[in-house]
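Single-structure report; data block below.
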Amino acid sequence: TRVDTVGGDTKRYFVPLGARGLRAPETLARVNALGIIRTAPGEEAEQIQFRLGRRERFRVAPPSGADLAVPATLAPTLRAMARRWTGSAKGTARQLEAIQARLRTDFKYSLSCKRPPRKDPVIDFLTKNRQGHCEYFASAMALLARSRGIPARVVSGYLVHERNALGGHHVVRERNAHSWVEAWVRERWQTYDPTPPSALEVSSSEMGTAAALWDLFATRVGEAWRWITSLTAAHVAGAVSVLFVFWVLLRLWRRRRQRAE
């Protein structure tokens, strides 16, 4: 899989947790302990390539104490709720699945929601105004998992679903920003998404013909522009020299042709 950045954040690469064989042809990719892939200083994240699978290098570090932290003022409410939701579920994976299922079925996705100014927004989301956007769902699941002793963290990135059939590629836009959860299960980080699937465009959708043509045109223009701006002075001088030699040879050929006539 190849990811080309055409706008937005040009200092970070966005790849799934299960990405191996990472390769950034035009620069160096730096990976920190959280698995965040950044560019070298002064460089931009124009392209990265990878294969799907477990990473053999640049593995995300095991959890730390921060991945179990729960604010003391929220802990009693979260622990009681987590115990009720997980019930008789045995094992880390099943407890996480129970929390995820409860959030997906009993809560509503909404981009507009009001919270009391003096109440913790996650507690308000869980106990009273049960609607919110993906960050509320992810934050709630991470805190509930931590209250059960399961290391968890909130992850932000993009949800990929829009496909350009003419170009054979997917298009990811800023409006596709999304948050989900990574939890430590069976000695590795695994992805969970508690946001109701019905609220998200989770299935691949084809772009209309006109939109696909425009996107393909813009993509090719962007590629051409990046190639032009990547040229050095030596490249330009070489191109000019080749054109000059071609021009001289063309004039000589025309003169010979005129004399022959």
Got [X] and [Y] here, is their nearest side-chain heavy-atom distance under 4.5 Å?
X    : Y    : value
L17  : Q190 : no
H161 : H170 : no
I99  : P194 : no
V3   : Y13  : no
D120 : T73  : no
P116 : D124 : yes
R146 : L78  : no

Taking every non-hydrogen atom, the tightest pair across [X] and [Y]:
X    : Y    : result
K11  : G42  : NZ-C, 4.4 Å
A138 : V181 : O-CG2, 3.3 Å
L96  : A183 : CD1-CB, 3.6 Å
V185 : A93  : CG1-CB, 4.1 Å
L126 : A140 : CD2-CB, 3.8 Å
A29  : I37  : CB-CG2, 3.8 Å

Assigning hydrophobic clusters by single linkage (Ile, Leu, Val, Met, Phe, Trp, Tyr; side-chain heavy-atom cutoff under 4.5 Å), is [X] placed with [Y]?
X    : Y    : result
L103 : L74  : yes
W85  : Y136 : yes
W184 : I150 : no
L22  : W189 : no
W180 : L144 : no

Test side-chain hydrogen bond (donor to acceptor under 3.5 Å, both in side chains) on D193 and H178 and set out the steps. CA-CA 10 Å; D193 193 345; H178 188 50; 2.8 Å; yes
Derivation and outcome, side-chain contact (heavy atoms from CB on, under 4.5 Å), residues K114 and N129: CA-CA 8 Å; K114 295 182 179 180; N129 299 312; over 6 Å; no
I need the [X] [atom1] to [Y] [atom2] distance, nearest 0.5 Å.
X    : Y    : atom1 : atom2 : result
S156 : I36  : OG    : CD1   : 9.5 Å
R130 : F125 : CZ    : CZ    : 9.0 Å
R104 : M141 : CZ    : CE    : 8.5 Å
I48  : D4   : CD1   : CG    : 11.0 Å
H169 : D215 : NE2   : CG    : 4.0 Å
T39  : R30  : OG1   : CZ    : 8.5 Å

Parallel, tilted or perpendicular: rings of F107 and F137 (30°, 60°): perpendicular
Is it the case that more than 12 heavy atoms not belonging to [X] sit under 6.0 Å from its [atom1] atom?
X    : atom1 : value
R79  : CZ    : no
R254 : CZ    : no
Y158 : OH    : yes
K119 : NZ    : yes
L28  : CG    : no

Would you find a donor on one side and an acceptor on the other, under 3.5 Å apart, between the side chain of T5 and the backbone of A45? yes
Worked check of side-chain contact (heavy atoms from CB on, under 4.5 Å) between T27 and E44: CA-CA 8 Å; T27 184; E44 293 189 347; over 6 Å; no
